[in-house]
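In what follows, a single structure is set out as structure tokens and then discussed.
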Amino acid sequence: GAVVSQHPSWVICKSGTSVKIECRSLDFQATTMFWYRQFPKQSLMLMATSNEGSKATYEQGVEKDKFLINHASLTLSTLTVTSAHPEDSSFYICSARYRQGLGPPETQYFGPGTRLLVL
Amino acid sequence: QQQVKQSPQSLIVQKGGISIINCAYENTAFDYFPWYQQFPGKGPALLIAIRPDVSEKKEGRFTISFNKSAKQFSLHIMDSQPGDSATYFCAASMRFGNEKLTFGTGTRLTIIP
């Protein structure tokens with residue numbers, strides 16, 4: 001149980017285009033999803049917290065207009081990198097927590113990640 | 001105060017040996033301490049987690065030791081195997097309230113034959 005998927009697993013795009021990454025909780029409902037960014041050989045950096053039906057909460061230094069997050073349902077959150085540039089190239093990982101009362105409240109289950117390369 | 005310090009940065013252990021990774025935290029409000037295992041190109045996978053009401057938790061070859069007074073916790077991997085070679089991250093969060101995970105910097109573990 002507690003499987004989180006991401007799509008696509010990798011994407012290559014041209015500078016200036018927008019890229020959408022999907023995060024799905026496959027076998028559980030997730031009220032809260034998180035988006036992380038990870039550079040090679042570094043730890044995970046939290047970008048934003050996404051709550052179903054409400055606006056995402058972004059971490060300090062993360063551009064809201066650059067990284068658009070939508071959490072339209074209890075099983076799907078999307079991250080859109082708008083007008084991508086080479087410096088946006090990174091490994092993007094989402095995680096999900098169980099809907100309150102349906103599972104361990106503190107545990108985050110991670111997706112497999114999406115590697116983005118902007119040329 | 002939100003930091004979680006992890007050491008060592010890298011670790012080489014012989015097959016069959018014990019791998020030990022240490023973490024320390026400052027924020028006494030943290031009350032949930034998970035360990036994640038990450039293979040190259042993959043997302044982190046939850047390995048084992050502990051709450052501060054116990055001093056030790058064991059699951060198979062993996063054990064978390066927790067010292068509340070010292071604000072330290074560690075991961076022990078017994079009988080380490082080549083398949084355990086991965087990067088390990090400790091983390092901490094508050095179960096209720098601020099739900100964000102604060103991650104350590106990671107330890108790259110290599111198990112040699």
Side-chain angles (χ1 to χ4, degrees), chain A residues 1-10 21 23-26 30-51 56-60 62 90-101 103-117, chain B residues 2-11 21 23 25 27 29-54 57 59 64 73 85-110:
Chain A
V3 178
V4 177
S5 71
Q6 281 184 242
H7 178 81
S9 55
W10 60 271
I21 302 170
C23 176
R24 292 181 185 273
S25 55
L26 296 185
T31 311
T32 305
M33 291 184 172
F34 302 85
W35 287 96
Y36 295 84
R37 185 172 182 178
Q38 187 178 35
F39 292 104
K41 298 185 180 180
Q42 291 191 23
S43 190
L44 287 79
M45 182 189 79
L46 179 65
M47 299 174 65
T49 302
S50 167
N51 289 296
T57 302
Y58 291 82
E59 294 300 298
Q60 193 172 9
V62 177
S90 190
F91 192 50
Y92 292 88
I93 312 171
C94 71
S95 71
R97 291 185 355 154
Y98 270 89
R99 185 178 180 184
Q100 192 172 4
E106 65 274 7
T107 302
Q108 289 188 28
Y109 300 94
F110 284 82
T114 296
R115 188 161 302 281
L116 170 64
L117 177 61
Chain B
Q2 290 292 328
Q3 281 187 325
V4 175
K5 296 181 179 179
Q6 183 172 347
S7 63
Q9 188 174 4
S10 62
L11 179 64
I21 304 171
C23 284
Y25 63 98
N27 190 345
F30 286 147
D31 57 3
Y32 174 68
F33 304 91
W35 284 90
Y36 285 88
Q37 179 190 56
Q38 186 179 31
F39 293 104
K42 305 294 184 183
L46 179 65
L47 201 57
I48 187 172
I50 197 168
R51 296 173 185 170
D53 51 345
V54 296
K57 183 175 181 180
E59 289 184 2
I64 297 180
F73 58 109
S85 297
T87 299
Y88 292 81
F89 293 97
C90 63
S93 72
M94 291 173 270
R95 290 164 58 207
F96 303 103
N98 187 330
E99 57 204 3
K100 296 185 286 189
L101 280 172
T102 299
F103 280 90
T105 50
T107 296
R108 177 172 284 191
L109 174 65
T110 304

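Residue numbering restarts at 1 for every chain, and letters A, B, ... go by the order of the sequence lines.
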>> Using the side-chain contact (heavy atoms from CB on, under 4.5 Å) criterion, which residues pair with B:Lys57? Sequence neighbours excluded.
In response: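 Testing B:Lys57 for side-chain contact (heavy atoms from CB on, under 4.5 Å), a comparison that skips the adjacent residues, returns B:Ile48, B:Ile50, B:Glu59.
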
> Considering residues at least two apart in sequence or located in another chain, which fulfil the side-chain contact (heavy atoms from CB on, under 4.5 Å) criterion with A:Glu59?
Replying inline: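 Scan of A:Glu59 (side-chain contact (heavy atoms from CB on, under 4.5 Å), adjacent residues dropped) gives A:Leu46, A:Val62, B:Lys100.
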
For [X], is it the side chain, the backbone, both, or neither that has a heavy atom closer than 4.5 Å to a heavy atom of chain A?
{"X": "B:Gln6", "value": "neither"}
{"X": "B:Pro34", "value": "neither"}
{"X": "B:Thr105", "value": "backbone"}

> Taking every heavy-atom pair that is under 4.5 Å apart, which of A:Pro112, A:Gly113, A:Ser95 has the most such pairs with chain B?
Replying inline: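 Heavy-atom pairs under 4.5 Å are most numerous for A:Pro112.
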
Atom [atom1] in [X], atom [atom2] in [Y]: separation rounded to 0.5 Å?
{"X": "B:Gln38", "Y": "A:Phe91", "atom1": "CD", "atom2": "CZ", "answer": "6.5 Å"}
{"X": "B:Ser10", "Y": "A:Lys41", "atom1": "OG", "atom2": "NZ", "answer": "10.0 Å"}
{"X": "B:Leu46", "Y": "A:Phe110", "atom1": "CG", "atom2": "CZ", "answer": "9.0 Å"}

> Given the rule in the side chain to side chain contact (heavy atoms under 4.5 Å, CB included) test, do A:Thr107 and B:Tyr32 qualify, once you have shown the distances and angles that lead to the verdict?
Replying inline: CA-CA 9 Å; A:Thr107 302; B:Tyr32 174 68; 3.1 Å; yes

>> Quick check on A:Gln38 against chain B: is it the side chain, the backbone, both or neither that has a heavy atom closer than 4.5 Å?
In response: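 Contact with chain B: side chain only.
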
>> Please classify the contact of A:Thr32 with chain B as side chain, backbone, both or neither, using a heavy-atom distance under 4.5 Å.
In response: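 Looking at A:Thr32, just its side chain touches chain B.
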
> Checking A:Ser43 side chain against B:Gly106 main chain: does a donor-acceptor pair fall under 3.5 Å?
Replying inline: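 Side chain of A:Ser43 to backbone of B:Gly106: no pair is present.
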
> Can you check whether A:Gln108 reaches B:Tyr36 side chain to side chain, under 4.5 Å on heavy atoms?
Replying inline: yes

